[in-house]
Amino acid sequence: MPELPEVETTRRGIAPHVEGREIGEVIVRQSRLRVPVPADLADRLVGARIGSLARRAKYLLLPLAGGDSAGATLLWHLGMSGSLRIVRLGELPRKHDHLDLVLDDGAILRYHDPRRFGFVDWLAGSVEEDSRLRRLGPEPLSEAFDGERLYRLSRGRRVAVKPFLMDNAVVVGVGNIYASEALFMAGIDPRRAAGRISAERYARLAAAAKEVLAAAITQGGTTLRDFVGGTGEPGYFKQRLNVYGRHGEPCRCCGTELRLITLGQRASVYCPRCQT
DNA sequence: CATGCTACCTGCAAGC
DNA sequence: TGCTTGCAGGTAGCAT
């Protein structure tokens, strides 16, 4: 589910409700997530105070202060189907509500994840040294990500440009939806070898990726089936999708039927006329 | 190193 | 209607 805009929407939605709050209770209903919930998570978290929420790639970072957790960070990934939302004390958990952080004002931060590809992990030390974060490329909305970087890293690469754009070492946060959309916006065929695309076209692709991600954040992300932001509302970017999930339908630009192929084991939809 | 395939898990839609 | 199959927003790990 969540690509960068959905994770950022979640961060913004829950931040005002959790920042500065103390964790009073931790309820784990299902510890078998992609990474098992640490057995001592509750012991470590109770009494800790949550600092300023951050996001790195599709990871949410909750810095902790106080008690055993001073200087530690909760690292949270939503996987394919995870969502975090704020619910009121007493609201009954539903199926796949795996974890609750009960806060000192009575609100609950509740984690829901049908497929259980997400995880929560407790990091004692430096977040940037974590193996999952260490090799990540730049944030797509930062200045460090631009066409020049795409051009430089792609020289000699035979992989198709779409999986190249989705490579977290190149740039983070661009998943299957937004890679498809950015390539459409830039007019680039997703099958084209990454190493055979000009600097000019990469400049357009980087700009398109920034534009589509920023627009999706503004719309609260894309809800395909079950994504909800931190306060429970769906994202509205789905209406703005030009190609993702629209194979067989006409291109909004030229009317040509959009084509579905598989690239890097992922479904890819593109316009055979607009994208060359 | 670059690339490709598999696995992790549940729910849903399409096809028979 | 009911069963089976394939596919889904991500990523790590392993084989080639």
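By convention in this document, chain letters (A, B, ...) are assigned in the order of the sequence lines, proteins followed by strands, and residues within each chain are numbered from 1. Side-chain atoms are counted along with the backbone in the values below, which use heavy atoms only and exclude waters and symmetry mates.
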Identify, with sequence neighbours excluded, every residue that meets salt bridge (Lys or Arg N to Asp or Glu O under 4.0 Å) alongside A/R201.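 Once residues adjacent in sequence are excluded, A/R201 has no partner under the salt bridge (Lys or Arg N to Asp or Glu O under 4.0 Å) criterion.
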Its contact letters, B for base, S for sugar-phosphate only and - for none at protein heavy atoms under 4.0 Å, make nucleotides 5-12 of chain B read BBBBBBS-
Test side-chain contact (heavy atoms from CB on, under 4.5 Å) applied to A/R12 and A/L53, A/I217, A/V7, the passing residue: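 Only match with A/R12 under side-chain contact (heavy atoms from CB on, under 4.5 Å): A/I217.
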Show the nearest heavy-atom pair for residues A/R158 and A/A193, with the distance to one decimal.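 In terms of heavy atoms, the two residues are closest at O-CB, 3.8 Å.
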Restricting to salt bridge (Lys or Arg N to Asp or Glu O under 4.0 Å), what partner residues turn up for A/E249, sequence neighbours left out?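 Residues passing salt bridge (Lys or Arg N to Asp or Glu O under 4.0 Å) with A/E249: A/R246.
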When the distance from CD of A/E6 to P of C/dG9 is rounded to whole Å, what number comes out?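 In whole Å, C/dG9 P and A/E6 CD are 12 Å from each other.
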Sugar-phosphate, base or nothing in reach of A/R135, heavy atoms under 4.0 Å: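 Nothing, no heavy atom under 4.0 Å.
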Base, sugar-phosphate alone, or nothing: which one does A/Y59 contact when heavy atoms must sit under 4.0 Å apart?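 Sugar-phosphate only.
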Ignoring hydrogens and angles, write down the donor-acceptor pairs under 3.5 Å from the side chains of residues 23-31 of chain A, residues two or more places apart or on other chains.
{"unit_1": "A/R29", "atom_1": "NH1", "unit_2": "A/D97", "atom_2": "O", "d": "2.8"}
{"unit_1": "A/R29", "atom_1": "NH2", "unit_2": "A/D100", "atom_2": "OD2", "d": "2.6"}
{"unit_1": "A/Q30", "atom_1": "OE1", "unit_2": "A/R32", "atom_2": "N", "d": "2.9"}

Side-chain ion pair, A/R152 and A/E148, N-O less than 4.0 Å: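 Looking at A/R152 and A/E148, the cut-off is met.
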Co-members of A/V243 in a cluster of I, L, V, M, F, W and Y side chains, linked at under 4.5 Å: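 Same cluster as A/V243: A/F184, A/L258, A/L260, A/V269.
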Which pairs would a plain distance check flag for residues 72-79 of chain A, meaning a side-chain donor or acceptor within less than 3.5 Å of a matching protein atom at least two apart in sequence or in another chain?
{"unit_1": "A/H77", "atom_1": "ND1", "unit_2": "A/G79", "atom_2": "N", "d": "2.8"}

Whole-Å distance separating the CG atom of A/D121 from the C1' atom of C/dT11: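 It is 15 Å, rounded to the nearest whole Å.
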Let's see if you get this right: which residues in residues 152-159 of chain A place a heavy atom under 4.0 Å from DNA chain B?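 A/R157, A/R158, A/V159 - these, ordered by number, are the residues of the stretch whose heavy atoms sit under 4.0 Å from the strand.
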In this structure, how many angstroms lie between the P atom of C/dC7 and the CG atom of A/L224, rounded?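 Distance check: A/L224 CG to C/dC7 P gives 17 Å.
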Distance, P atom - from B/dC12 to C/dT11, rounded to whole angstrom: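 These two P atoms come out 23 Å apart once rounded.
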Gap between atoms CG and C1', on A/L260 and C/dG6 respectively (whole Å):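 Distance check: A/L260 CG to C/dG6 C1' gives 13 Å.
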Taking atom C1' of B/dT3 as reference, at what distance in whole Å does atom CZ of A/F164 sit?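 Nearest whole value for this atom pair: 14 Å.
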For A/R240, all residues meeting salt bridge (Lys or Arg N to Asp or Glu O under 4.0 Å), sequence neighbours excluded: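 Listed in chain order: nothing, the list is empty.
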Can you check the distance between C/dC7 and B/dC5, where both ends of the measurement are the P atom (answer in whole Å)?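 After rounding to an integer number of Å, I get 14 Å for this pair.
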Please identify each residue that fulfils salt bridge (Lys or Arg N to Asp or Glu O under 4.0 Å) with A/R225, with sequence neighbours left out.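 Result, salt bridge (Lys or Arg N to Asp or Glu O under 4.0 Å) vs A/R225: none returned.
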Has A/N176 got a side-chain N or O lying under 4.0 Å from the OP1 or OP2 atom of C/dA8?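 No, because none of the side-chain N or O atoms of A/N176 sits under 4.0 Å from OP1 or OP2 of C/dA8.
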Side-chain N or O of A/K58 less than 4.0 angstrom from OP1 or OP2 on C/dG9?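 No.
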Tell me the stems DNA chain C sits in, counting at least three consecutive Watson-Crick or G-U wobble pairs, each under 3.5 Å on both distances.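 Stems for DNA chain C, defined as runs of 3 or more consecutive pairs: B:2-8 with C:10-16, B:10-16 with C:2-8.
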Go through residues 205-219 of chain A and report each residue with a non-hydrogen atom lying under 4.0 Å from DNA chain B, sorted by number.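 Heavy-atom contacts with DNA chain B come from no residue of residues 205-219 of chain A; none.
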Whole-Å distance between C/dG9 C1' and A/D113 CG?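 Nearest whole value for this atom pair: 11 Å.
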Determine the interatomic distance between C1' on B/dT3 and the same-named atom on C/dG9; round to the nearest Å.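 Per the computed distance, 23 Å lies between those C1' atoms.
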Not counting sequence neighbours, list each pair that qualifies as a ring-ring contact (aromatic ring centres under 6.0 Å, His included) and has a residue in residues 247-276 of chain A.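 Every pair satisfying ring-ring contact (aromatic ring centres under 6.0 Å, His included) with a residue in residues 247-276 of chain A: there are none.
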Pick base, sugar-phosphate or nothing for A/T223, based on heavy-atom distances below 4.0 Å to the nucleic acid.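 Base, at least one base heavy atom under 4.0 Å.
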